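This report concerns only the one structure given below.
Atoms considered below: every heavy atom in the structure, side chains included; atoms not considered: hydrogens, waters and symmetry mates. Treat the numbers as computed from the prediction; the structure is a model and nothing was measured.
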Amino acid sequence: MKKFEGISFALFIFSALVYLISIYGGVDLFPGQITIIILTVFPIIGLILAFSSKGGGFMKVISIIGNLAVLMIAVIVPVIVTTFFWNQP
């Protein structure tokens, strides 16, 4: 079960790097739809793996916090902002 912590941490690092490079680096690593899928699905899978791993180690905590942060910054906040604040042309 310890392997889940490592996989979850790797998914967090990968999705965070994709987000940082695509937003702040000005480089498109993947086409637009694939980037959105990576930034949505990978943190969700990482959270599931982190919660299902045994123990309360450092990597588990970092994986949970990091995957939640990527999910909040890349998905939840933009959906809330575009739905409630930028709803008029």
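Every residue two or more places apart in sequence or in another chain that forms a side-chain contact (heavy atoms from CB on, under 4.5 Å) with I21 is listed here: V27, L29.
How far CZ of F14 is from CG of L17: 8.5 Å, rounded to the nearest 0.5 Å. Rounding to the nearest 0.5 Å gives a distance of 13.5 Å between CZ of F42 and CG of L47. Atom-to-atom distance recorded for F30:CZ and L39:CG is 9.5 Å, nearest 0.5 angstrom.
Residues V41 and I36 are members of separate hydrophobic clusters, defined by side-chain heavy-atom contacts under 4.5 angstrom among Ile, Leu, Val, Met, Phe, Trp and Tyr.
Heavy-atom minimum distance, I38 versus P43: O-CD, 3.5 Å.
A donor-acceptor contact shorter than 3.5 Å is absent between the side chain of T40 and the backbone of I37.
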For residues 58-76, which side-chain donor-acceptor pairs fall under 3.5 Å, sequence neighbours excluded?
unit_1 : atom_1 : unit_2 : atom_2 : d
K60    : NZ     : S53    : O      : 3.2
K60    : NZ     : G55    : O      : 3.1
S63    : OG     : F9     : N      : 3.3
S63    : OG     : M59    : O      : 2.6
N67    : ND2    : S8     : OG     : 3.3
N67    : ND2    : S63    : O      : 3.0

